[in-house]
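So that the names make sense, note that chain A is the first sequence line, chain B the second, and so on, each numbered from 1. Please read all numbers here as calculations on a predicted model, not as lab measurements.
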Number of protein chains: 2
Amino acid sequence: MAPSLKAAPTCAPADEKHDLRPVEGRAADEELALLTKAVGHPARVQILRLLVRRDSCICGDIVDELPLAQSTVSQHLKVLKEAGLIRGEIDGPRIGYCIEPRTLRRLKALVGGL
Amino acid sequence: MAPSLKAAPTCAPADEKHDLRPVEGRAADEELALLTKAVGHPARVQILRLLVRRDSCICGDIVDELPLAQSTVSQHLKVLKEAGLIRGEIDGPRIGYCIEPRTLRRLKALVGGL
DNA sequence: CCAGGTTATCGTAATAGGGCGATTATGGCA
DNA sequence: TGCCATAATCGCCCTATTACGATAACCTGG
């Protein structure tokens, strides 16, 4: 599942200047609130765990794992994607999702900074 | 859950059997979702930071620190209290709030387990 | 190009969340 | 006791979220 790719392989790295930002202050508060709000749903926690476990990417297998309709799962994926916690790469007819390790680290840093 | 506490000082300890629970599984997913949902608002992040900084307790000083009405702050405090992240002890005419260190540690453990 | 499966989006309905003012307890103090 | 300050609750409005089915968009293989 790696032949023709558009931008990058399924889980490509991106810009790095992301981890060394303050974990306090007004901006950090907003960021922490956005990230935790995105995580704040059981289905999204499950999705995150799925993507972390299979560190590689999956697609609509997520739908099979969750007791939710496909459209609902798609909505949750959108929330996680907009928060920057996951990323979706077009891989042929399907879409491979993967966690965004930097944002996850950032979340851990922000929570750890509490 | 907690019986009526009267004479306890502003930040009393409580039961300990709280930290060594699994950080994965269905129950952990629900717990993580509940906690992050409670944190998932800028005002509540600010409240948490206030209570962590002044490790001791404050009361309606929180209202002065936030650009929100007293009733709104009270609602946020209720959310945090119901999530177990803070605790409120009656201290004379006012109410002293303080963070619940165990729940905060639990949150960090759950996020760290992602 | 068309048929296949795969995912996103739309429309809708029910519920939850956020904010405020006003009101209601509650406890201390004169 | 009555009064004041503090905090919680209530009522209301508005927006956001969640969930689903249905539909549209998308790529690939034939």
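- Following rounding to the nearest Å, B:Glu89 (CD) and C:dG27 (P) show an atom-to-atom distance of 15 Å.
- A heavy-atom distance below 4.5 Å is not found between the side chains of B:Lys81 and B:Arg87.
- Put simply, A:His41 has a side-chain N or O that comes within less than 4.0 Å of OP1 or OP2 on D:dA19.
- Going from atom CG of A:Leu68 over to atom CD1 of A:Ile62 covers 11.5 Å, rounded to the nearest 0.5 Å.
- Panel note: side chain A:Arg106, backbone A:Arg21; a donor-acceptor pair is recorded below 3.5 Å.
- To the nearest angstrom, P of D:dA8 lies 15 Å from CG of B:Leu68.
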Can you name the atoms? Protein N/O to nucleotides 5-9 of chain C N/O, anything below 3.5 Å, with the distance.
unit_1 : atom_1 : unit_2  : atom_2 : d
C:dT7  : OP1    : A:Gly60 : N      : 3.2
C:dA8  : OP1    : A:Tyr97 : OH     : 2.2
C:dA8  : OP2    : A:Ser74 : OG     : 2.8
C:dA8  : N7     : A:Gln70 : NE2    : 2.9
C:dA8  : N6     : A:Gln70 : OE1    : 3.1

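- D:dC27 is unpaired under the Watson-Crick or G-U wobble criterion, no partner having all donor-acceptor distances under 3.5 Å.
- In a base pair of the Watson-Crick type (N1 to N3 plus N6-O4 or O6-N4) or a G-U wobble (N1-O2 and O6-N3), with each distance short of 3.5 Å, C:dG4 is matched with no nucleotide.
- Taking 4.0 angstrom as the limit, B:Lys37 places none of its side-chain polar atoms (N or O) nearer than this to OP1 or OP2 of D:dT17.
- Under 4.0 Å is where a charged nitrogen must lie from a carboxylate oxygen, and between A:Arg26 and A:Glu31 no such pair does.
- At distances below 3.5 Å, not a single donor-acceptor pair connects side-chain atoms of A:Arg44 with backbone N or O atoms of A:Leu77.
- Look at CG on A:Leu80: it is 14 Å from C1' on D:dT17, rounded to the nearest Å.
- A donor-acceptor pair under 3.5 Å is formed between the side chain of B:Thr36 and the backbone N or O of B:Leu32.
- Between B:His76 and C:dG17 there is no side-chain N or O to OP1 or OP2 distance below 4.0 Å.
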